[in-house]
Amino acid sequence: MKYLPLLFDITDKPCLIVGGGKIATRRAQNIYNANARVDVISVTTTDQIAQIATESGGKVILRSWHSNDIKTYYRFVVAATNDERTNVKIAETCKQLGIPVNVISDSTLSDFSFPAVIDRDPLTITVSSGSASPILTKLLAQRIDALIPQGYGKLATLIRRYRHKIRENILSPGNRKLFWERVLTGNIAEHIFSGNQSRAEELLLKSLTDPENTTPKGEVYLVGAGPGDPDLLTFRAYRLLQQSEIVLYDRLVSEKILSQIGSDKKMVYVGKQRSNHSVPQGDINQLLVDYAVAGKRVARLKGGDPFIFGRGGEEIELLASRQIPFQVVPGITAASGCASYSGIPLTHRDHAQSVRFVTGQLQDGTVDLPWDQLVAPNQTVVIYMGLNGLPAISTNLIRYGMNSETPAAMIEQGTTLDQKVHISTIAKLPDMVASHCIRPPTLLIVGSVVSLHHSLNWFGNSSPSKK
Ligand code: SAH
């Protein structure tokens, strides 16, 4: 890291800007926002910078710059004239006097830079690319700005106001941490965000005397992680993962998603593999109960959507019967993710008015499905876990009346950078798949919508069937 980020208190301190154009004005505004006194020296100025200088208690000097204008009492100087050589001279003078300088035209001469600021006073978030790309910095700052509710500033102010009182009332640091976590992730924060400050304060004071608030309470979050691309995680999933202490995850949860979960959490792999049931379902259900009873917040992270072929229902049944609080966060199921990322709309007015999700898992070596219903016209059939049963699926669909030329797609590792889409007909797909080295997970989509892939495919550039 080349630069050390620091936050300086410059309230009422004098700072100098040499230059009076647009960039100088932006800098003056940043400095004024931090309550400093801004002096401006420039032959011409914008109306705005003149107003900022005056309101800040500083002065505007309408002439060109002299080296003896750089007084040692300035905390820092911004060289913002439109003449590069003048800026260099200003920088040299500052360096001789030991005053930090920022040169707008040359970051190599600058002692410090101005980051992009996301202002939720008293919370401040800053973003810098060390002058590598101001546009990237701005883009990132805009994203963060959109993510952080405006109310966070008010929340921070509330905490600051009550910190001492809480410290006096809740003596144990562990209990205090628990108390604040509960305030920040519960009702009180929600009242602040919705502008109901007085109700939030009332609840805060009331909860101080409630011992329940410092008793660890376990909770389980059954969270859908989506099909693989970490961008498909919902905001809610992300938030609950952050506030969990333990994460129980499956084989289907992608590495990329796991790497985004904070390293402070206990990660427990409970994945199941076809031939190797590493943790039996009953044990997983019990593990969730045990952690929650011990007062832990546990995230049960599952691939796709927890309620679609995910045994999510079974996992929360035991929690419900034991009255352990839980929340369920939907995820993007493989059918939606793979369909979108391979340009195959699951319904389309010209092709399919309904869609069915089925599992193609083998039971005693065969695939048991309501074949007569699956061959109905104008329908898309999405088959999860269908790789091993593919030959049987193909044979049965044709035997029950599906046209053998019906388009079919096998999507391998959908939504990830390794996604591959194999397109064929329901008759020929098994041979095509057998001739490739396929890596699970895979999803099968059958129906005339599959023909749209060639014109609607947008993600990635490798479609093996096109080669
Ligand atoms: N709950 C999950 C499904 C679990 S069943 C969901 O809603 O998506 C596991 C099956 O889902 C896999 O065998 C495969 O058929 C499918 N699947 C999950 N992720 C996938 C992916 N990224 N690409 C292709 N298929 C996927």
Side-chain angles (χ1 to χ4, degrees), residues 221-234 237 248-258 270-279 281 284 299-316 328-344 346 355-363 367 369 374 380-394 408-423 429-430 433 436-446 450 453 457 459-460 462-465:
Y221 313 126
L222 181 60
V223 178
D229 181 351
D231 279 5
L232 296 180
L233 214 59
T234 62
L248 271 67
Y249 66 98
D250 269 359
R251 180 171 52 100
L252 271 181
V253 178
S254 76
E255 277 296 324
K256 282 218 172 122
I257 289 179
L258 292 174
V270 291
K272 287 173 293 237
Q273 274 162 2
R274 236 170 6 97
S275 50
N276 167 24
H277 284 252
S278 43
V279 181
Q281 188 62 53
I284 299 177
R300 172 68 177 109
L301 188 60
K302 302 182 78 81
D305 181 276
F307 279 2
I308 294 183
F309 304 125
R311 302 197 181 184
E314 293 169 47
E315 295 191 6
I316 55 176
V328 183
V329 184
I332 292 184
T333 188
S336 297
C338 294
S340 297
Y341 278 53
S342 58
I344 301 175
L346 293 177
V355 52
R356 285 185 78 130
F357 295 175
V358 297
T359 161
Q361 205 166 25
L362 298 173
Q363 319 261 359
V367 184
L369 283 170
L374 299 189
T380 304
V381 181
V382 180
I383 305 174
Y384 289 68
M385 296 169 274
L387 182 61
N388 291 297
L390 179 60
I393 291 168
S394 163
M410 177 68 90
I411 297 140
E412 200 182 326
Q413 302 189 65
T415 78
T416 72
L417 293 177
D418 298 318
Q419 169 174 301
K420 293 199 178 74
V421 184
H422 305 270
I423 303 273
L429 190 66
V433 164
H436 285 85
C437 169
I438 305 276
R439 296 182 50 202
T442 58
L443 191 85
L444 181 60
I445 304 182
V446 184
V450 171
H453 163 80
N457 187 30
F459 177 72
S462 72
S463 178
S465 57

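Counting begins at 1 with the first residue of the sequence. Counting convention: from 1, in listed order, for ligands and their atoms alike.
- Residue Ala334 has at least one nitrogen or oxygen atom sitting less than 3.5 Å from a nitrogen or oxygen atom of ligand 1, judged on distance alone.
- For ligand 1, the polar-atom distance check against Gly386 finds no nitrogen or oxygen pair separated by under 3.5 Å.
- Atom 23 (N) of ligand 1 has Gly414 N, 2.8 Å as its closest protein atom, hydrogens excluded (heavy atom only).
- Polar contact with ligand 1: present for Thr333 (N/O pair, distance under 3.5 Å).
- Every N/O-N/O distance between Glu412 and ligand 1 stays at or above 3.5 Å.
- Scanning the protein for heavy atoms near atom 1 (N) of ligand 1, the closest one is Ile308 O, 2.7 Å.
- With Tyr384 contributing its side chain and Ala335 its backbone, the two residues share a donor-acceptor pair below 3.5 Å.
- Residue-level proximity to ligand 1 for Pro440 is absent, since no heavy atom of it falls below 4.0 angstrom.
- Among protein heavy atoms, atom 11 (O) of ligand 1 sits closest to Tyr384 CD2, 3.4 Å.
- Across Leu417 and Lys256, no two heavy atoms sit closer than the pair CD1-NZ, 3.6 Å.
- Given atom 20 (C) of ligand 1, the protein heavy atom at minimum distance is Pro441 CG, 3.5 Å.
- Annotation: Gly310 places no N or O atom under 3.5 Å from an N or O atom of ligand 1; distance criterion only.
- The closest non-hydrogen atom to atom 13 (O) of ligand 1, taken over Lys302, Gln361, Met385, comes from Met385.
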Evaluate the side-chain contact (heavy atoms from CB on, under 4.5 Å) criterion for residues Leu390 and Ile383: first the C-alpha distance (whole Å), next the side-chain angles of each, then the deciding distance (0.1 Å), finally the verdict.
-> CA-CA 10 Å; Leu390 179 60; Ile383 305 174; over 6 Å; no
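- Here the heavy atom of the protein found nearest to atom 9 (C) of ligand 1 is Leu252 CD1, 3.5 Å.
- Nearest protein neighbour of atom 5 (S) of ligand 1, counting heavy atoms only, is Phe309 O, 3.5 Å.
- The shell of residues lying under 4.0 angstrom from ligand 1, judged by heavy atoms, includes Ile411.
- When hydrogens are left out, the protein atom nearest atom 22 (N) of ligand 1 is Pro227 O, 2.8 Å; that is the closest non-hydrogen contact.
- Nearest protein heavy-atom contact of atom 15 (O) of ligand 1 is Thr442 O, 2.6 Å.
- In this structure, Gly303 is part of the shell of residues with a heavy atom less than 4.0 angstrom from ligand 1.
- At a 4.0 Å cut-off, at least one heavy atom of Gln413 sits close enough to ligand 1 to count as contact.
- Of all the heavy atoms in Val450 and Ala409, the pair that sits closest is CG1-CB, 3.8 Å.
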